[in-house]
*Asks:* 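Got a structure for you, written out below as structure tokens; questions coming shortly.
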Amino acid sequence: MNTSPTHWPAEDLWLAIAPRLPGFTVEVLPEIDSTNTELMRRARAGRAEPIVLVAESQTAGRGRQGRSWLNQPGDCLMYSLGLVLNPLDWSGLSLVVGLSIAESLQAAALPGQPRIGVKWPNDLWLQDGRKLGGTLIETANLPAGVAAPCFGAGAGVPRFVIIGTGMNVRLPQMQGLLTPAACLQDVDARWTAPAALQQLLPQLVEDVLLFAEQGFAPFQQRFAARDVLHGQQVHLSDGSSGLAAGVLADGTLQLRTADGLRSVISGDVSVRPVHMDLPPAAA
């Protein structure tokens, strides 16, 4: 376990992001149950200003479908970005988050390193089929009378959105994982959690704001270049299977089955590839 102090670039992040998110704050905690859970508590209490909350250690971190995400300090990058959104359409937000992170981290990696992709709907994978990290997105209704900066061109009710991401910096010491684990240091041995956060967060904010204004459509082609499932035979949690055939302009997964093309909506299935055989590609 790494016990040396961690130096987080809080001021640099604030300087880069505050002009785009009025009232933005950066907060780093040595330990918490879950950054998502903490921001949910704050939102329900009326604290809805834009924030990124970083934890060096989580005691009750959560992933999709109730999975836990635990760590030792320095082993993982764990943070939650919170802000009020009112997008045109919520569909595809998790894909935008994964895509933005993959592009930012790949851009800073040394040439020839493993390619980072996105596994629909919310995971970061390397080209060899190992999982690098994942995102959990949750929303909360704002209490009556709470005023906070809101972003997006939608006509619905604004909601406080919590985008929580966990990524391995070093390989986790866990057994029995359903998917083999990867880490940022597989991509570039120089990565640390603070350096990765500084690299990815400003662009993530820009991409989330673009999504809030225009939906997933502007990201569809970019996502296709990082889609690790495309062309792969995959199984769904309902027992069916098919060939992954990309995503629509709203982020819906297309699956080519014996009965024809099927649309798969995020959240109702668990998609796991039968095998991975992706050729290396340039960043």
Side-chain angles (χ1 to χ4, degrees), residues 2 6-10 12-13 16-17 20 26 28 35 52-56 61 63 69 71 73-81 92-137 163-172 179-211 218-219 221-230 276 278-283:
N2 181 19
T6 302
H7 300 287
W8 294 89
D12 290 341
L13 287 171
I17 296 172
R20 295 290 282 132
V26 181
V28 180
T35 54
V52 64
L53 180 63
V54 183
E56 295 188 347
W69 186 286
N71 75 293
D75 286 351
C76 297
L77 168 60
M78 296 170 299
Y79 67 89
S80 294
L81 172 66
L93 177 55
S94 65
L95 303 184
V96 170
V97 172
L99 172 64
S100 180
I101 292 170
E103 289 179 337
S104 292
L105 295 179
Q106 195 86 63
L110 294 172
Q113 296 304 303
R115 184 170 171 80
I116 305 171
V118 184
K119 172 186 169 287
W120 187 95
N122 71 325
D123 286 342
L124 292 162
W125 281 28
L126 297 190
Q127 66 190 44
D128 58 9
R130 292 184 296 147
K131 181 177 177 178
L132 178 63
T135 294
L136 176 65
I137 298 177
I163 302 169
T165 299
M167 278 184 290
N168 300 317
V169 176
R170 297 188 286 262
L171 282 178
T179 304
C183 67
L184 287 174
Q185 292 183 355
D186 289 334
V187 178
D188 191 328
R190 299 172 299 175
W191 278 126
T192 63
L197 183 65
Q198 186 170 11
Q199 175 67 25
L200 70 87
L201 192 62
Q203 187 58 50
L204 176 60
V205 169
E206 292 295 333
D207 285 333
V208 168
L209 294 181
L210 176 59
F211 169 84
F219 300 91
Q221 289 189 341
R222 286 167 56 186
F223 179 81
R226 298 277 171 184
D227 183 359
V228 301
L229 291 184
H230 190 271
M276 298 293 295
L278 300 180

*Asks:* So which heavy atom on L210 is nearest to which on P218, and how close?
*Replies:*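 L210 and P218 have their closest heavy atoms at CD2-CB, 4.5 Å.
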*Asks:* Can you tell me how far apart CG (D207) and CG (L95) are? Round to the nearest 0.5 Å.
*Replies:*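 With rounding to 0.5 Å, CG (D207) is 12.5 Å from CG (L95).
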*Asks:* Run the numbers on N168 and C76 for side chain to side chain contact (heavy atoms under 4.5 Å, CB included), then give the verdict.
*Replies:* CA-CA 4 Å; N168 300 317; C76 297; 3.8 Å; yes
*Asks:* What are the two closest heavy atoms between D186 and Q113, and how far apart are they?
*Replies:*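 So the minimum-distance heavy-atom pair works out to O-OE1, 3.9 Å.
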*Asks:* Please name the residue in the list L93, V97, V96 that meets the side chain to side chain contact (heavy atoms under 4.5 Å, CB included) test with T135.
*Replies:*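 Exactly one pass, corresponding to V97.
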*Asks:* Does D188 reach the main-chain N or O of A109 with its side chain, forming a donor-acceptor pair under 3.5 Å?
*Replies:*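 No; judged by distance alone, with no hydrogens or angles, the pair does not exist.
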*Asks:* Would you call T6 and P194 a side-chain contact if the rule is heavy atoms closer than 4.5 Å?
*Replies:*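 A side-chain contact exists here, since the closest heavy-atom pair is under 4.5 Å.
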*Asks:* Does Q127 use its side chain to pair, donor to acceptor, with the backbone of G117 at less than 3.5 Å?
*Replies:*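 Side chain of Q127 to backbone of G117, a donor-acceptor pair under 3.5 Å: no, none is there.
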*Asks:* Considering all heavy atoms of both residues, which atom of W191 and which atom of Q185 are nearest to each other, and what is their separation?
*Replies:*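 Shortest heavy-atom contact: O-NE2, 3.1 Å.
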*Asks:* Restricting to side-chain contact (heavy atoms from CB on, under 4.5 Å), what partner residues turn up for A10, sequence neighbours left out?
*Replies:*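 Expected list: V26.
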*Asks:* How many angstroms lie between atom CG of L105 and atom CG of L77, to the nearest 0.5 angstrom?
*Replies:*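 Between atom CG of L105 and atom CG of L77 there are 8.5 Å.
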*Asks:* Tell me the closest heavy-atom pair linking S94 and P121, and the distance in Å.
*Replies:*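 Scanning both residues completely, I find the closest heavy atoms to be OG-O, 2.6 Å.
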*Asks:* Please name the pair of heavy atoms, one in A102 and one in L124, separated by the smallest distance, quoted to 0.1 Å.
*Replies:*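 Minimum heavy-atom separation between A102 and L124: CB-CD2, 4.0 Å.
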*Asks:* Rounded to the nearest 0.5 Å, how far does NZ of K119 lie from CG of L132?
*Replies:*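 Answer for the CG-NZ pair, L132 versus K119, is 13.5 Å.
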*Asks:* Give the C-alpha distance, both sets of side-chain angles, the deciding distance and a yes or no for side chain to side chain contact (heavy atoms under 4.5 Å, CB included) between I137 and N122.
*Replies:* CA-CA 9 Å; I137 298 177; N122 71 325; over 6 Å; no
*Asks:* If we count only N and O atoms by modelled type, under 3.5 Å, do the side chains of E56 and W8 hold a donor and an acceptor together?
*Replies:*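 Indeed, the side chains of E56 and W8 share at least one donor-acceptor pair under 3.5 Å.
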*Asks:* Quick test of your reading of the model: are E103 and R226 salt-bridged, counting only N-O distances below 4.0 Å?
*Replies:*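 Judged by the 4.0 Å cut-off on N to carboxylate O distance, E103 and R226 do not form a salt bridge.
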*Asks:* Once you round to the nearest 0.5 Å, how far does CG of L197 lie from CG of D12?
*Replies:*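 Between L197 CG and D12 CG, I get 11.0 Å after rounding to 0.5 Å.
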*Asks:* Nearest 0.5 Å please: distance from the OH atom of Y79 over to the CG atom of L13.
*Replies:*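 It is 11.0 Å, given to the nearest 0.5 Å.
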*Asks:* Restricting to non-hydrogen atoms, name the atom on G164 and the atom on S80 that form the minimum distance, rounded to 0.1 Å.
*Replies:*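 Smallest interatomic distance, heavy atoms only, reads CA-OG, 3.6 Å.
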*Asks:* Test V118 against D123 for side chain to side chain contact (heavy atoms under 4.5 Å, CB included), laying out the working first.
*Replies:* CA-CA 6 Å; V118 184; D123 286 342; over 6 Å; no
*Asks:* Just how far is it from atom CG of L81 to atom OG1 of T35, taken to the nearest 0.5 Å?
*Replies:*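 It comes to 10.5 Å.
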